[in-house]
Amino acid sequence: MKNLSLAINGVLAIAVAILFYLHFSAPVSSNTTVTVNTDDAPTGEQIRYVNSDSLLNNFVFYKNLRETAEAKRGKVEKDFINKKQSFEQEVMAYQQAAATMSDLQRQTKEQQLGKKQQELAVYEQKQTDTILKAEQKATDELFKKINDYLKVYSQKSGVKVVLAYTRGSGILYASDSLDITKEVIEGLNKEYAK
C-alpha cells in the first residue's frame with residue numbers, strides 16, 4: 001500500500017504539471033460543476049496547493065479503491081499460501097516415501113514436483129502482475145478524477161497552478177491562505193457521490 005501512496009503522490013505532482021500545460025494550451029469543456037470560495041483567498045494569486053496526504057485520506061473514492069485493492073491482495077495472498085502449503089505437504093510426503101520407491105518412481109515424482117514448483121512460481125508472478133496492473137489502473141483512474149476536477153476548478157477560480165504538498169516534498173513552506181485541500185476534497189467527494 002506504501003507503493004500505491006507513493007505512486008499517487010507522484011501522480012499528483014504530474015497532475016500539477018499537466019494542469020499547468022492544459023490550462024495554457026486548450027480550453028476544457030466538462031460537465032463538472034465547481035463552486036469556488038474566493039472570499040478568504042488573497043486576490044491576484046494564481047497558485048494554490050493541496051495537501052496530498054489529507055486528500056488521499058479523505059477522498060472517498062480513494063478509500064474505496066484502497067479497500068478493494070487490499071481485499072484483492074489478501075485473497076490472492078491467501079490463495080497462494082494455500083497452494084504453497086499444499087505443495088510443501090506433497091514434497092514432505094515424497095521425502096518420507098522416497099526410500100521405499102524405485103529409482104523410476106523417484107525420478108517421475110521429482111519431475112512432477114519440479115513441474116509443480118515451476119507452475120507455482122508462474123502462478124505467483126501472474127498474480128503479482130495482475131495486482132500491479134489493477135493498482136496501476138486504479139491509480140490512473142484516481143489521477144483522472146483529480147485532474148478533471150482541478151481543470152474545472154482552475155477555470156472557475158482563475159487558479160493557474162495547483163501544487164501537491166506533502167511533508168518532505170520540494171515545497172518547504174506555503175501559507176495556509178493558499179491551501180485549498182478542504183475545498184478540493186469536498187468537491188471531489190461531491191462529484192464522486194453523483
Side-chain angles (χ1 to χ4, degrees), residues 1-18 50-150 164-171 181-182 184-194:
M1 205 36 58
K2 284 184 180 180
N3 290 340
L4 183 60
S5 181
L6 289 173
I8 303 270
N9 285 335
V11 167
L12 287 173
I14 293 169
V16 169
I18 291 173
V50 173
N51 184 312
S52 57
D53 292 336
S54 295
L55 176 66
L56 294 179
N57 289 331
N58 295 295
F59 186 17
V60 175
F61 176 74
Y62 175 72
K63 288 179 182 180
N64 292 343
L65 281 179
R66 187 177 57 207
E67 289 171 5
T68 302
E70 288 173 359
K72 284 181 184 177
R73 183 178 293 273
K75 182 180 177 188
V76 167
E77 286 175 358
K78 183 178 178 182
D79 187 44
F80 177 71
I81 288 170
N82 289 339
K83 288 180 184 293
K84 185 177 178 184
Q85 286 175 344
S86 175
F87 173 73
E88 288 171 352
Q89 288 173 353
E90 193 173 346
V91 169
M92 286 175 34
Y94 161 72
Q95 289 171 343
Q96 291 174 352
T100 61
M101 296 178 152
S102 69
D103 288 342
L104 181 60
Q105 288 174 323
R106 274 196 306 273
Q107 185 180 16
T108 303
K109 187 63 175 176
E110 287 173 3
Q111 287 175 349
Q112 290 173 345
L113 290 173
K115 184 178 178 184
K116 283 186 178 184
Q117 185 176 21
Q118 288 175 343
E119 289 170 353
L120 188 61
V122 168
Y123 175 80
E124 180 182 25
Q125 185 60 48
K126 184 178 177 182
Q127 294 305 315
T128 299
D129 290 347
T130 300
I131 288 172
L132 291 175
K133 285 178 185 176
E135 288 178 355
Q136 182 59 49
K137 182 180 176 185
T139 300
D140 292 345
E141 193 174 347
L142 175 66
F143 169 75
K144 182 174 178 1
K145 284 192 178 300
I146 293 170
N147 192 42
D148 289 349
Y149 179 81
L150 289 176
Y165 172 76
T166 303
R167 185 175 178 204
S169 66
I171 301 170
T181 305
K182 182 178 177 186
V184 170
I185 290 169
E186 288 172 359
L188 283 168
N189 285 333
K190 186 177 179 181
E191 282 295 313
Y192 178 61
K194 288 184 180 180

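Sequential numbering from 1 along the given sequence is applied to the chain's residues. What you are looking at is a predicted structure, and each value in this text was computed from that prediction instead of being measured.
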message: Test side chain to side chain contact (heavy atoms under 4.5 Å, CB included) on K84 and E124; report intermediate values, then the result.
response: CA-CA 10 Å; K84 185 177 178 184; E124 180 182 25; over 6 Å; no

message: Please report the interatomic distance CZ(F59) to CZ(R66), rounded to the nearest 0.5 Å.
response: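 Separation between the atoms: 12.5 Å.
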
message: If the test is side chain to side chain donor-acceptor pair (under 3.5 Å), which one of Q95, Q85, Q112, K109 qualifies with E90?
response: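 Among the candidates, only K109 passes.
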
- prompt: Checking side chain to side chain donor-acceptor pair (under 3.5 Å) against D129, which of K133, K126, Q127, Q125 comes through?
  reply: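 Only match with D129 under side chain to side chain donor-acceptor pair (under 3.5 Å): Q125.
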
Side-chain heavy-atom pair [X], [Y] within 4.5 angstrom cut-off:
X: E141; Y: K144; result: no
X: Y165; Y: V50; result: no
X: Y62; Y: L188; result: no
X: V76; Y: T130; result: no
X: K75; Y: K72; result: no
X: L120; Y: F80; result: yes

So, the side chain of [X] versus the backbone of [Y]: is there a donor-acceptor pair under 3.5 Å, distance only?
X: T166; Y: S169; result: no
X: N57; Y: D53; result: yes
X: N189; Y: N58; result: yes
X: T181; Y: N51; result: yes

- prompt: Looking at K116 and E119, does any basic side-chain N land under 4.0 Å from a carboxylate oxygen?
  reply: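 Salt bridge: no.
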
query: Is D140 salt-bridged to K137, going by a charged N under 4.0 Å from an acidic O?
result: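 So D140 does not pair with K137 through a salt bridge.
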
- prompt: Under 6.0 Å from the NZ atom of K63, do we count more than 12 heavy atoms belonging to anything else shown?
  reply: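 More than 12 within 6.0 Å, yes.
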
task: Indicate the atoms forming the closest heavy-atom contact of F87 with L113, along with that distance.
output: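 Closest pair (atom of F87, atom of L113, distance): CE1-O, 3.3 Å.
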
message: Test salt bridge (Lys or Arg N to Asp or Glu O under 4.0 Å) on K194 and E191; report intermediate values, then the result.
response: CA-CA 5 Å; K194 288 184 180 180; E191 282 295 313; 3.2 Å; yes

query: Just checking, K145 and F61: is the charged tip under 6.0 Å from the six-membered ring centre and within 45° of the axis?
result: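 K145 over F61 ring: yes.
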
